[in-house]
Student: 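Would you mind keeping the following structure in view while I ask a few things?
Order of the sequence lines fixes the chain letters, A, B, ..., with proteins taken first and strands second; residue numbering starts at 1 for each chain. Atoms considered below: every heavy atom in the structure, side chains included; atoms not considered: hydrogens, waters and symmetry mates.
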Protein chains: 2
Amino acid sequence: MTVTAESPKRKFIHCALRLFAERGYFGVSLADVAGELGLTKQSIIYHFKTKDALYGAVIADIAQRLEATIDDVFAQAPDARAQLEAYLRKLGQHMLDHPRDARLITRELLDNLDRAQADNTWYMRRFLDQSVAIVAAHPNWTSKTPAVQAAITYQLIGAVCYFSISDPTLNAIWGRARVSEMTEVFVPSLLDLVEGEKREHLPSK
Amino acid sequence: MTVTAESPKRKFIHCALRLFAERGYFGVSLADVAGELGLTKQSIIYHFKTKDALYGAVIADIAQRLEATIDDVFAQAPDARAQLEAYLRKLGQHMLDHPRDARLITRELLDNLDRAQADNTWYMRRFLDQSVAIVAAHPNWTSKTPAVQAAITYQLIGAVCYFSISDPTLNAIWGRARVSEMTEVFVPSLLDLVEGEKREHLPSK
DNA sequence: CAATAAACTTACCGGTCGGTAAGTTGATAC
DNA sequence: GTATCAACTTACCGACCGGTAAGTTTATTG
């Protein structure tokens with residue numbers, strides 16, 4: 001059993017992703033991150049120079065993994081309709097498997113209110129453009145304006161992220177049993193909304 | 001012209017809502033809030049005892065205003081279908097008019113990961129239950145399980161909040177013109193998704 | 001005019017923050 | 001065997017944090 005030799009930088013990114021997702025930028029100190037790995041905050045400063053730079057590396061890491069998922073969709077699905085279905089399934093699966101990504105993306109959206117204008121390198125841009133391209137190719141929306149296509153795309157991504165981050169709260173409100181039911185029907189119900197079907201295969205009372 | 005005499009407590013709540021929405025709980029200090037009103041942080045301590053209590057008052061304030069919106073829907077719309085339409089229009093309008101509410105609700109969702117279990121008084125509970133009741137009454141979902149109804153409700157609220165908080169970022173990515181187009185078609189497109197129509201009245205190229 | 005109470009203020013405290021500076025350690029290279 | 005370098009450490013700094021304690025100001029009331 002060999003220890004997977006993760007580079008020190010990647011170890012910090014991995015750990016920081018988790019903490020930033022849970023508590024946000026201001027809710028996490030460098031000492032918190034380093035402490036989780038049994039190190040001191042100065043080891044982070046050594047690798048990343050500043051806290052901002054560490055945060056940037058975390059965002060870039062998520063963006064890269066999301067782009068990889070999309071490339072996968074383009075490679076596998078035969079036509080536009082199948083591509084959108086594959087996209088939604090993969091995105092949904094990704095965000096349910098990695099709720100931290102959904103949490104951090106949503107936080108990034110919230111915290112970038114001021115930064116959005118100043119910072120012209122927006123790490124998620126490529127991912128978003130590719131997502132819109134998939135929606136735009138679908139028969140439902142090929143004839144629509146780019147604005148409509150972008151709005152639909154955003155609704156879909158938003159629904160997926162929002163559902164993922166709501167999980168703990170939903171559990172507290174309605175209990176684990178009901179939320180686990182909700183999770184099962186979530187992606188199918190989203191697909192039905194997209195295809196305009198009448199949701200007949202969803203469970204009835 | 002009389003100055004509307006807002007109580008000191010309400011002035012703090014109003015100001016804190018804006019700052020918490022913009023920068024989050026840990027991103028805002030008591031001195032920040034008081035400074036905006038030309039006062040010192042101790043004046044906040046005097047009124048609210050702790051920072052946590054101030055934050056709680058802000059959340060309670062939002063919850064109360066949302067419940068008022070819902071009561072309105074129940075009072076006005078004649079049947080279940082019209083109620084859901086009125087609900088979505090009002091919710092969408094509310095979140096577009098008051099993006100801070102959408103931002104803070106989403107932040108609350110994110111930050112309550114740990115608190116959700118411990119804190120059994122969850123201010124948004126009544127609002128959420130009423131929202132689910134409206135969705136459950138709609139012909140599309142009356143026959144579905146409570147879990148499905150809750151999932152649909154959450155997707156709808158999520159889409160609205162997510163779109164509202166995305167506004168600054170979307171502007172930075174695609175420009176004001178396209179985003180303003182998106183905003184116009186947003187609620188109608190959501191209604192079309194709900195009613196299962198084919199989006200014929202949405203603008204085409 | 002004295003008493004009271006709301007709505008503040010200044011002064012201060014222990015603790016934590018991000019970041020600088022100057023070592024220390026252990027492995028590799030020549 | 002010593003020079004080099006990555007990957008750390010300890011020690012420290014000024015700024016800021018939430019919160020306590022003890023006044024001060026202002027308006028109202030008997």
Student: Quick test of your reading: applying side-chain hydrogen bond (donor to acceptor under 3.5 Å, both in side chains), list the pairs with at least one residue in residues 39-49 of chain A, sequence neighbours left out, ordered by first then second residue.
Tutor: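 Of all non-adjacent pairs touching residues 39-49 of chain A, none passes side-chain hydrogen bond (donor to acceptor under 3.5 Å, both in side chains).
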Student: Considering only nitrogen or oxygen atoms on both sides, find all protein atoms under 3.5 Å from nucleotides 3-8 of chain C and state each distance.
Tutor:
| from | atom 1 | to | atom 2 | distance (Å) |
| --- | --- | --- | --- | --- |
| dC8(C) | OP2 | His47(B) | NE2 | 3.4 |

Student: Can I get a per-line list of side-chain donor-acceptor pairs under 3.5 Å for residues 66-79 of chain A, giving both atom names and the distance, sequence neighbours left out?
Tutor:
| from | atom 1 | to | atom 2 | distance (Å) |
| --- | --- | --- | --- | --- |
| Glu67(A) | OE1 | Arg126(A) | NE | 2.8 |
| Glu67(A) | OE1 | Arg126(A) | NH2 | 3.4 |
| Thr69(A) | OG1 | Arg65(A) | O | 3.2 |
| Asp72(A) | OD2 | Lys90(A) | NZ | 2.6 |
| Asp79(A) | OD1 | Arg81(A) | N | 3.1 |
| Asp79(A) | OD1 | Ala82(A) | N | 2.8 |

Student: Could you tell me which residues satisfy ring-ring contact (aromatic ring centres under 6.0 Å, His included) with Phe48(A), sequence neighbours excluded, listed by chain and number?
Tutor: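 With neighbours one apart ignored, the set is empty.
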Student: What residues form a side-chain hydrogen bond (donor to acceptor under 3.5 Å, both in side chains) with His138(A), not counting sequence neighbours?
Tutor: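 His138(A): side-chain hydrogen bond (donor to acceptor under 3.5 Å, both in side chains) contacts with Glu195(A).
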Student: When you match Asp32(A) and Lys49(A) each to their closest nucleotide on DNA chain C, which lands nearer the 5' end?
Tutor: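 Comparing both residues, the 5'-ward one is Asp32(A).
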Student: Sequence neighbours excluded, which residues qualify as ring-ring contact (aromatic ring centres under 6.0 Å, His included) partners of Tyr87(A)?
Tutor: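 Partners of Tyr87(A) under the ring-ring contact (aromatic ring centres under 6.0 Å, His included) test: none.
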Student: Taking side chain to side chain contact (heavy atoms under 4.5 Å, CB included) as the definition, give me every residue that meets it alongside Arg100(A), ordered by chain and number, with sequence neighbours left out.
Tutor: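 For Arg100(A), the residues satisfying side chain to side chain contact (heavy atoms under 4.5 Å, CB included) (neighbours in sequence not counted) are Arg18(A), Ala21(A).
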Student: Please table the atom pairs, donor to acceptor, closer than 3.5 Å between any side-chain atom in residues 9-17 of chain A and protein atoms at least two apart or in another chain.
Tutor:
| from | atom 1 | to | atom 2 | distance (Å) |
| --- | --- | --- | --- | --- |
| Arg10(A) | NH1 | Asp61(A) | OD1 | 3.4 |
| Arg10(A) | NH2 | Asp61(A) | OD1 | 3.1 |

Student: Compute the bend angle of the helix from dC1(C)-dG30(D) to dC30(C)-dG1(D) from the end axes (five pairs per end), rounded to 10°.
Tutor: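 Rounded to the nearest 10 degrees, the bend comes out at 10°.
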Student: Quick check for you: name the first and last nucleotides of DNA chain D, 5' to 3', having an atom under 4.0 Å from a heavy atom of chain A.
Tutor: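 Boundary nucleotides touching chain A, in 5' to 3' order, are dA6(D) to dA11(D).
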Student: State, to 0.1 Å, how close Asn171(A) and Arg176(A) come at their nearest heavy-atom pair, and which atoms those are.
Tutor: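 Minimum heavy-atom contact is OD1-CA, 3.1 Å.
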Student: Nearest-nucleotide wise, let me know which of Ile45(A) and Ser29(A) is further upstream toward the 5' end of DNA chain C.
Tutor: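 The answer here is Ser29(A).
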Student: What pairs with Phe127(A) under ring-ring contact (aromatic ring centres under 6.0 Å, His included), at least two apart in sequence or on another chain?
Tutor: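 With neighbours one apart ignored, the set is empty.
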Student: Not counting sequence neighbours, which residues clear side-chain hydrogen bond (donor to acceptor under 3.5 Å, both in side chains) with His94(A)? List them please.
Tutor: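 side-chain hydrogen bond (donor to acceptor under 3.5 Å, both in side chains) check on His94(A) returns Asp101(A).
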